[in-house]
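Given the structure is predicted, the values throughout are model-derived calculations rather than measurements.
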Amino acid sequence: MFDIGRTIAKLAAAGALMLALAFSATAQDLLSWNEGTAKKSIVDFVTAVTTDGGADYVEPANRIAVFDNDGTLWSEQPMYVQLAFALDRVKTLAPDHPEWKETEPFKSVLAGDMKGVAAFGIKGLVEIVAATHSGMTSDEFTAIAKDWIASATHPTTGKPYTSMIYQPMRELIDYLKANDFRVFIVSGGGIEFMRPWTEVTYAIPPENVVGSSIKTKYEMHDGKPAVVRLPEIEFIDDGAGKPVGIQKFIGKRPIAAFGNSDGDFQMLEWTTGGEGRRFGLIVHHDDADRDVAYDRDSTFGKLDRGLDDGPRQGWTIVSMKNDWKQVFPE
């Protein structure tokens, strides 16, 4: 005989088990986060925008989250990783450019004078990037970048750069993707420098990477069709350029943005200024023991305006020292 009471009880038990498993999966996704305001703000936001029928529900197609890379997903101290790559490229190419021995900022690079390099500011960095990232096809550059990141090591820890990623942020990416978010990197770094390794490192495919770029052109190269890189900067994806890059390459305003410096301010401001439930988060580097503590006076990843105005904007300020159980993968 059909026992409707027993059937309902079984269904209820199965439902409870499914909820328990779902809760466990959520906790598992954010294992490196301490319980507290920061973690709660993340979970509350994701729960709100993914609860079908809720007031803040967002369709999966519009669940777009954008992450800065340097200082947000991996270490940017003592210098940006792409700057280390560019400096290595200067040394590799120097035999073909004897004039660099007497030409700045290349002279300072070859002499190992980082203060001298820094003295030339953005203009000097642009010159270095233009000279070392051009004169080849996009495929050739991709191979060079991929080979370099596979062997290059952090100057302080001696570890591969790809192991200097922030474990809590990697878990956050997985957590968002498990909740049907489309996750993008939006970085001041070069788009073709990042694309060869973001999928392996963060599980973010190359087509979901937005970054700075140099000019290119299509031509026959050694008898084959190719896209060739030119020694001219096309687009700087930093500061006010980040919302422009997002609109240009993604085509939708995100509902969540994650950064760590004032270079990310406009991205968070534009994201959280939209209608409906929004989320902005800043990673504050305040852990001198497990990473590097820096903010207002840092040459790389300066965080000044974000510390002052972020809370007034309703953004979550993450303390690496207090909110993260673990900083790097073990």
Side-chain angles (χ1 to χ4, degrees), residues 32 66-93 109 112 114 117-118 125 128-129 132-133 136 138 140-174 183-206 208-214 237-238 258-261 263-264 283-285 287-294 298-303 318 320 324 326-330:
S32 296
V66 291
F67 286 78
D68 169 59
N69 184 49
D70 296 310
T72 301
L73 296 181
W74 72 357
S75 174
E76 64 183 353
Q77 297 290 344
M79 71 177 75
Y80 298 132
V81 176
Q82 189 167 2
L83 176 56
F85 168 72
L87 298 182
D88 278 358
R89 290 287 297 157
V90 169
K91 297 170 185 176
T92 298
L93 297 172
V109 173
M114 291 311 300
V117 175
L125 295 180
I128 292 171
V129 169
T132 60
H133 289 43
M136 66 196 82
S138 288
E140 289 169 340
F141 181 80
T142 294
I144 291 170
K146 189 174 182 179
D147 289 345
W148 185 86
I149 202 69
S151 60
T153 56
H154 190 274
T156 302
T157 67
K159 296 179 179 180
Y161 281 113
T162 49
S163 73
M164 297 294 293
I165 65 173
Y166 297 129
Q167 181 65 20
M169 299 303 285
R170 181 64 172 83
E171 293 170 0
L172 178 54
I173 289 172
D174 291 342
V183 178
F184 294 81
I185 288 176
V186 179
S187 172
I191 189 169
E192 289 197 317
F193 172 73
M194 294 183 288
R195 281 177 168 172
W197 46 264
T198 57
E199 189 154 28
V200 173
T201 305
Y202 305 126
I204 295 177
N208 282 27
V209 176
V210 179
S212 299
S213 60
I214 67 173
D237 190 51
D238 196 37
F258 305 85
N260 79 292
S261 75
D264 305 314
V283 175
H284 183 203
H285 291 262
D287 194 330
D289 294 327
R290 298 182 297 175
D291 188 41
V292 180
Y294 62 97
S298 180
T299 301
F300 301 106
K302 179 179 179 179
L303 178 63
V318 170
M320 291 179 66
W324 288 359
Q326 178 181 336
V327 175
F328 299 108
E330 294 180 353

Worksheet item: So do Leu303 and His285 actually touch side chain to side chain, heavy atoms under 4.5 Å?
Response: no
Response to the item:
Smallest heavy-atom separation, Tyr294 atom then Asn260 atom, equals OH-ND2, 3.9 Å
Fill in: From Thr198 atom OG1 to Ile204 atom CD1, the distance as rounded to the nearest 0.5 Å
6.5 Å
Worksheet item: So do Met169 and Tyr202 actually touch side chain to side chain, heavy atoms under 4.5 Å?
Response: no
Worksheet entry | Point-to-point distance, once rounded to the nearest 0.5 Å, from CH2 of Trp148 to OG1 of Thr92 | 11.0 Å
Discussion item. Measuring from atom CZ of Phe67 to atom CD1 of Ile185, what distance do you get when rounded to the nearest 0.5 angstrom?
Written reply: 9.0 Å
Item to complete: Begin from the C-alpha positions of Gln77 and Ser298 and carry the test side chain to side chain contact (heavy atoms under 4.5 Å, CB included) through to its verdict.
Response: CA-CA 10 Å; Gln77 297 290 344; Ser298 180; 3.2 Å; yes
Fill in: Contact summary for Ser32 and Pro168, nearest pair of heavy atoms
CB-CG, 3.8 Å
Worksheet item: Do you know which two heavy atoms are closest between Val209 and Arg195, and how far apart they sit?
Response: O-NH2, 3.5 Å
Fill in: side chain to side chain contact (heavy atoms under 4.5 Å, CB included) between Phe300 and Leu83, worked out
CA-CA 11 Å; Phe300 301 106; Leu83 176 56; 3.9 Å; yes
Worksheet item: Using the benzene-type ring in the case of Trp, are the ring centres of Trp197 and Tyr161 under 6.0 Å apart?
Response: no
Worksheet item: Got Gln167 and Pro329 here, is their nearest side-chain heavy-atom distance under 4.5 Å?
Response: yes
Discussion item. Using side-chain heavy atoms (C-beta onward) and a distance below 4.5 Å, is Gln82 in contact with His133?
Written reply: yes
Worksheet item: Are any of the side-chain heavy atoms of Thr132 and Phe85 separated by less than 4.5 Å?
Response: no
Worksheet entry | Side chain proximity check, Tyr166 to Ser75, heavy atoms < 4.5 angstrom | yes
Practice prompt. Grab the two heavy atoms, one from Gly263 and one from Asp238, that are nearest each other, plus how far apart they are.
Written response: O-OD1, 3.5 Å
Worksheet item: Can you name the nearest heavy-atom pair linking Glu76 to Gly301, along with the distance?
Response: OE2-CA, 3.1 Å
Worksheet item: Any side-chain heavy atom of Asp237 within less than 4.5 Å of one from Ile191?
Response: no
Worksheet entry | Nearest-0.5 Å distance that lies between atom OG1 in Thr153 and atom CE in Met164 | 10.5 Å
Fill in: Pairwise side-chain contact, Phe328 with Thr157, heavy-atom cut-off 4.5 Å (strictly under)
no
Worksheet item: Between atom CH2 of Trp74 and atom OG1 of Thr201, what is the distance when rounded to the nearest 0.5 Å?
Response: 6.5 Å
Discussion item. For the backbone of Val129 and the side chain of Arg89, can you confirm whether one donor and one acceptor N or O come within less than 3.5 Å of each other?
Written reply: no
Fill in: Shortest non-hydrogen contact from Met194 toward Val210
CE-O, 4.0 Å
Worksheet, complete the sentence: CG (Leu73) and CG (Asp68) are apart, to the nearest 0.5 Å, by 7.0 Å
